[in-house]
Protein chains: 2
Amino acid sequence: MAAKRAFNIERFFQALGDNTRLRLLNLMGDQEICVCYFVEILDQPQPKISRHLAYLRSAGIVATRRDGKWMHYRIVMPPHIGATQILQQTLGWLKEDRAMQADRARLSKACCTPAKFVALQGAPLPIPIDSSTVSASR
Amino acid sequence: MAAKRAFNIERFFQALGDNTRLRLLNLMGDQEICVCYFVEILDQPQPKISRHLAYLRSAGIVATRRDGKWMHYRIVMPPHIGATQILQQTLGWLKEDRAMQADRARLSKACCTPAKFVALQGAPLPIPIDSSTVSASR
DNA sequence: CCTACACATACGTCAATACGAATATAATTC
DNA sequence: GAATTATATTCGTATTGACGTATGTGTAGG
């Protein structure tokens, strides 16, 4: 059993204080994405991606869902309304950043033309999250 | 090279990822306050306060003004509109936190009844900042 | 000048973090 | 059940950050 810690403000901001983690959050946006996409799009070593995702999870910013071999990550809003607003604001800010736009463009490309991304063959496509049912799933 | 670096997003969030620094920002709010108040209200060693203030300054979140022996600190809005919004949001969030409210209450008390705070004898009172430079939230 | 005051910085130490490389775990496939 | 795939964790190391303590710097007043 993974001991779930209480939400921590310091931890929350620290989680946002790293460019790789911001890039990961930017890619997630309102989708649920599996790890192989992060590795491919950011072009970084898999353990590095995995560690940063673990950090985001420990900070209560993302959650996971296992789907066979694949692990899907999605953003979850923190239990504090203030943190939620800041996270939303941050995501909006990232959308205006050129480098972040480029990351998302690459992700779209990978989803539309998977033939050009050999490493993603067979990987499940990102799944849009219905913003009205953030918590529950059928 | 100049000591002043370009605004850095990672640095910005890292600066917010420490409770002492959040307390300092909370006390500043829309006032310009000298260091001795921080030391007195937070009841922490002066070098510790000074180091955290230096960190905030290096992150481009606060600015200083020397007034004789006293150094006044104030919040300055970052050059990025996104960062500004997040900083405002954060300050608003802090206002709802009990511990942060207690800090501000202590500050008010120190300003109204300075006789009870021996260490602050002769210290200049906090100076409200013209809200035209900082978008207000009433 | 010299001292006192307000604040900043340097130093040593310890914890937290980031990284590449290697290895472990979990689920699928054969 | 052995190999493969996808992801997580461990290990060793280098960097950064936080802290207490000591010391340095700038200013005002005698």
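Naming convention: chains lettered A, B, ... in sequence-line order (proteins, then strands); numbering from 1 in each chain. Keep in mind it's a predicted model, so treat the numbers as computed, not measured.
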**Q** Return whichever of B:Ser50 or A:Gly17 has its heavy-atom-nearest nucleotide of DNA chain C closer to the 5' end.
**A** B:Ser50
**Q** Would you mind reporting whether A:Thr90 and A:Leu25 have side-chain heavy atoms less than 4.5 Å apart?
**A**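 Of all side-chain heavy-atom pairs linking A:Thr90 with A:Leu25, none is under 4.5 Å.
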**Q** D:dT7 phosphate, OP1 or OP2: any side-chain N/O from A:His72 under 4.0 angstrom?
**A** no
**Q** Sequence neighbours excluded and cut-off under 3.5 Å, please list the side-chain donor-acceptor pairs for residues 80-88 of chain A, or say none.
**A**
from    : atom 1 : to      : atom 2 : distance (Å)
A:Thr84 : OG1    : A:Pro78 : O      : 3.0
A:Thr84 : OG1    : A:His80 : O      : 3.2
A:Gln85 : OE1    : B:Gln89 : NE2    : 2.8

**Q** Do any side-chain nitrogens or oxygens of A:Lys48 fall under 4.0 Å of OP1 or OP2 in C:dC19?
**A**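 Looking at the OP1 and OP2 atoms of C:dC19, one of them is under 4.0 Å from a side-chain N or O of A:Lys48.
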**Q** Would you say A:Met28 and A:Leu56 make side-chain contact, with heavy atoms under 4.5 Å?
**A** yes
**Q** Measure up the A:Trp93 and B:Phe13 rings against each other and bin them: parallel (under 30°), tilted (30 to 60°), perpendicular (over 60°).
**A** tilted
**Q** Among B:Leu24, B:Leu53, B:Thr64, find the one that has a side chain to side chain contact (heavy atoms under 4.5 Å, CB included) with B:Val35.
**A** B:Leu53
**Q** Using modelled atom types only, decide if a donor and an acceptor are shared between the side chain of A:Asp30 and the backbone of A:Ile129 within a distance under 3.5 Å.
**A** no
**Q** A:Gln14 CD to D:dG17 C1': how many Å, rounded?
**A** 10 Å
**Q** Looking at the base of D:dA8, is there any donor atom on it, or on the side chain of A:Gln46, that sits under 3.5 Å from an acceptor on the other one?
**A** yes
**Q** In whole angstrom, what separates A:Arg21's CZ from C:dC19's C1'?
**A**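 It is 13 Å, rounded to the nearest whole Å.
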**Q** Give, ordered by number, those residues of residues 29-40 of chain A having at least one heavy-atom distance below 4.0 Å to an atom of DNA chain D; if nothing qualifies, reply none.
**A**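 A:Cys34, A:Val35, A:Cys36 - these, ordered by number, are the residues of the stretch whose heavy atoms sit under 4.0 Å from the strand.
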**Q** A:Asp18 CG to D:dT16 C1': how many Å, rounded?
**A**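 Interatomic distance, CG of A:Asp18 to C1' of D:dT16: 13 Å.
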**Q** Respond yes when some side-chain nitrogen or oxygen of B:Arg11 is under 4.0 Å from OP1 or OP2 of D:dG17, and no when none is.
**A**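 Looking at the OP1 and OP2 atoms of D:dG17, one of them is under 4.0 Å from a side-chain N or O of B:Arg11.
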**Q** Phosphate oxygens OP1/OP2 of C:dA8: is one of them under 4.0 Å from a side-chain N or O of B:Tyr73?
**A** yes
**Q** Rounding to a whole Å, what distance do you find between B:Leu24:CG and C:dC7:C1'?
**A**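 For the pair B:Leu24 CG and C:dC7 C1', the rounded distance is 14 Å.
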**Q** Using atom CG of B:Leu53 as one end and atom P of C:dA6 as the other, report the distance to the nearest whole Å.
**A**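 So the two atoms are 16 Å apart, to the nearest Å.
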**Q** Judged by each residue's nearest nucleotide on DNA chain C, which is more toward the 5′ side, A:Pro47 or A:Arg66?
**A** A:Pro47
**Q** Keeping A:Arg21 on the side-chain end and A:Gln14 on the backbone end, is there a donor-acceptor pair under 3.5 Å?
**A** yes
**Q** Does a distance-only test, which skips hydrogens and angles, find a donor-acceptor pair under 3.5 Å between the side chain of B:Arg51 and the base of D:dG20?
**A**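 Pair found.
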**Q** Rounded off to whole Å, could you give me the CZ-to-C1' distance for the A:Arg65 and C:dA27 pair?
**A** 15 Å
**Q** What is the distance, rounded to the nearest whole Å, between atom NE2 of A:His52 and atom C1' of C:dA16?
**A**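 That distance rounds to 14 Å.
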**Q** Using whole Å, what does the distance between atom C1' of nucleotide C:dA26 and atom CG of A:Asp67 come to?
**A** 13 Å
